[in-house]
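What's counted below: heavy atoms across the whole structure, side chains too, no hydrogens, waters or symmetry copies.
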Amino acid sequence: LVGSEMCIRDRDQAELYGEKISVAASHLLKMINEILDYTSLELGDLKLEKRSFPIGSLLEKVRDQFSIMAAEKSFAIKVECDGVIAFADYQRCHQILVNLVGNAFKFSKADEIILRAYVTENGFNIEVQDNGCGISQDAQALIFGAFQQLEPQDNRLEGGTGLGLAMCKSLAAAHGAELTVQSSPGAGAKFTVAMPQSAVDPTPLKATA
């Protein structure tokens with residue numbers, strides 16, 4: 001009986017170690033892929049695969065993707081969207097939003113995030129806004145730089161390459177768009193991707209989700 005208990009305990013420890021190794025390997029692979037992706041952007045090797053899609057469905061997908069984490073952290077994620085039909089790279093737009101929302105979860109100390117899209121005179125805007133701790137002016141001058149991490153590692157929920165916002169800015173630029181931030185300490189932050197008219201589908205009736 002004692003031997004059986006020891007075997008069970010050893011098996012449980014082995015499974016725990018296996019899970020930790022798997023998580024670490026997955027995290028390392030993600031970091032490597034981010035670095036390779038950013039290198040492609042810097043070298044101009046990125047090729048956009050543009051197609052028509054409703055921005056609203058993309059915002060809802062991102063909201064649903066973070067729904068479990070939102071429930072665990074008592075976050076509210078809201079979607080506000082005009083009937084915008086984009087002509088852009090769906091996966092890259094998704095990547096931008098996931099990075100921005102992920103940063104809000106990790107660093108903003110907010111309890112509400114709004115995903116918003118609306119038509120402008122020059123195209124349309126996509127916004128990720130939170131009601132958290134905000135970002136100082138000094139920090140705003142740094143956050144879009146490569147390998148910039150403003151928080152000490154001990155205060156992070158998880159590590160990273162510091163490439164997230166730099167990649168977002170480059171991916172936006174590849175679409176002819178501009179990524180900016182408006183924030184002040186204690187007043188939350190709003191990241192805006194200002195997409196040009198060329199990113200709007202001129203024939204929305206032919207667009208597919």
Side-chain angles (χ1 to χ4, degrees), residues 30 50-137 139-140 143-144 150-151 155-158 160 163-173 175 177-197 199-201 204 207-209:
K30 180 181 177 182
K50 295 184 178 182
R51 67 178 178 89
S52 300
F53 61 91
I55 285 293
S57 67
L58 175 59
L59 299 186
E60 290 170 357
K61 177 181 179 179
V62 174
R63 177 197 61 194
D64 295 344
Q65 186 173 339
F66 283 90
S67 61
I68 295 177
M69 188 183 300
E72 290 175 348
K73 296 180 178 295
S74 299
F75 259 74
I77 305 180
K78 300 179 180 179
V79 171
E80 301 174 359
C81 186
D82 292 344
V84 180
I85 303 296
F87 183 71
D89 189 314
Y90 182 93
Q91 295 300 330
R92 295 303 185 174
C93 289
H94 177 262
Q95 185 177 356
I96 291 171
L97 281 167
V98 167
N99 272 321
L100 293 177
V101 174
N103 279 352
F105 268 98
K106 288 189 285 186
F107 308 128
S108 72
K109 300 178 182 177
D111 58 20
E112 180 179 270
I113 298 173
I114 300 175
L115 307 181
R116 183 184 296 116
Y118 56 91
V119 176
T120 67
E121 291 183 357
N122 300 316
F124 66 93
N125 285 359
I126 304 173
E127 295 179 350
V128 176
Q129 183 174 357
D130 67 68
N131 64 348
C133 59
I135 305 169
S136 70
Q137 290 296 320
Q140 289 178 43
I143 57 175
F144 293 114
L150 301 180
E151 296 259 343
N155 293 339
R156 291 175 175 269
L157 296 179
E158 58 182 80
L163 287 174
L165 288 178
M167 288 182 62
C168 287
K169 196 168 185 68
S170 294
L171 289 172
H175 284 85
E178 184 179 9
L179 173 61
T180 58
V181 61
Q182 292 177 288
S183 182
S184 58
K190 180 171 68 176
F191 287 85
T192 301
V193 183
M195 299 289 273
Q197 189 63 42
V200 179
D201 191 333
T208 57

**Message:** With side chain to side chain contact (heavy atoms under 4.5 Å, CB included) as the criterion, how do Leu100 and Leu165 come out once you've worked through the C-alpha distance, each side chain's angles and the decisive distance to 0.1 Å?
**Reply:** CA-CA 7 Å; Leu100 293 177; Leu165 288 178; 3.5 Å; yes
**Message:** Using every non-hydrogen atom in the two residues, find where Cys93 and Phe53 come nearest and quote the distance to one decimal.
**Reply:** SG-CZ, 4.2 Å
**Request:** Look at the side chain of Asp130 and the backbone N and O of Ala110, then say whether any donor-acceptor pair between them is shorter than 3.5 Å.
**Result:** no
**Message:** For the aromatic rings, using the six-membered ring if either is Trp, is the centroid distance between Phe66 and Phe105 under 6.0 Å?
**Reply:** yes
**All side chain to side chain contact (heavy atoms under 4.5 Å, CB included) counterparts of Ser184, not counting sequence neighbours** = Ala187
**Request:** Provide the closest heavy-atom pair for Pro185 versus Ser136 in the form atom of the first, atom of the second, distance.
**Result:** CG-CA, 4.0 Å
**Prompt:** Is Lys169 positioned over the aromatic face of Phe144, cation under 6.0 angstrom from the ring centre and no more than 45 degrees off axis?
**Reply:** yes
**side chain to side chain contact (heavy atoms under 4.5 Å, CB included) against Lys190, all qualifying residues, sequence neighbours excluded** = Arg116, Glu127, Gln129, Gln182, Thr192
**Request:** Apply side chain to side chain contact (heavy atoms under 4.5 Å, CB included) to the pair Thr180 and Phe191, showing each step before the final yes or no.
**Result:** CA-CA 6 Å; Thr180 58; Phe191 287 85; over 6 Å; no
**Item:** Contacts of type side chain to side chain contact (heavy atoms under 4.5 Å, CB included), residue Ala194, not counting sequence neighbours
**Value:** Asn125
**Prompt:** Is a side-chain N or O of Ser108 found less than 3.5 angstrom from the main chain of Gly132, in a donor-acceptor match?
**Reply:** no
**Message:** Run the side chain to side chain contact (heavy atoms under 4.5 Å, CB included) test on Ile135 and Val181 for me, step by step, so that the C-alpha distance in whole Å, both residues' side-chain angles and the decisive distance to 0.1 Å come before the verdict.
**Reply:** CA-CA 9 Å; Ile135 305 169; Val181 61; 4.3 Å; yes
**Message:** Could you report the tightest heavy-atom contact between Leu59 and Glu80, atom names first, then the distance?
**Reply:** CD1-O, 4.2 Å
**Prompt:** Between the side chain of Ser183 and the main-chain N/O of Gly188, is any donor-acceptor distance below 3.5 Å?
**Reply:** yes
**Asked** Is the backbone N or O of Asp89 less than 3.5 Å from a side-chain atom of His175, with the two atoms forming a donor-acceptor pair by type?
**Response** yes
**Message:** If you apply the rule side chain to side chain contact (heavy atoms under 4.5 Å, CB included), what do you find for Lys61 with Tyr90, and how did you get there?
**Reply:** CA-CA 12 Å; Lys61 177 181 179 179; Tyr90 182 93; 3.3 Å; yes
**Item:** Inter-residue atom distance Arg63.CZ - Ile77.CD1, 0.5 Å rounding
**Value:** 8.5 Å
**Message:** For a 4.5 angstrom cut-off between non-hydrogen side-chain atoms, does His94 reach Gln65?
**Reply:** yes
**Asked** Looking at Phe75 and Ala104, what are the two nearest heavy atoms and their distance?
**Response** CZ-O, 4.2 Å
**Asked** side chain to side chain donor-acceptor pair (under 3.5 Å) with Asp111: which residues, sequence neighbours excluded?
**Response** Asn131
**Request:** Would you confirm whether Ser170, through its side chain, and Met167, through its main-chain N or O, come within 3.5 Å as a donor-acceptor pair?
**Result:** no
**Fill in**
From the list Val98, Asn103, Leu179, Leu97, side chain to side chain contact (heavy atoms under 4.5 Å, CB included) with Cys168 holds only for Leu179
**Asked** With sequence neighbours left out, what residues match Glu60 under salt bridge (charged side-chain N to carboxylate O under 4.0 Å, His left out)?
**Response** none
**Message:** Quick check with a 6.0 Å cut-off and a 45 degree axis cone: is Arg51 positioned over the face of Phe87's six-membered ring?
**Reply:** no
**Item:** By side chain to side chain donor-acceptor pair (under 3.5 Å) - contacts of Lys78 (at least two apart)
**Value:** Glu112
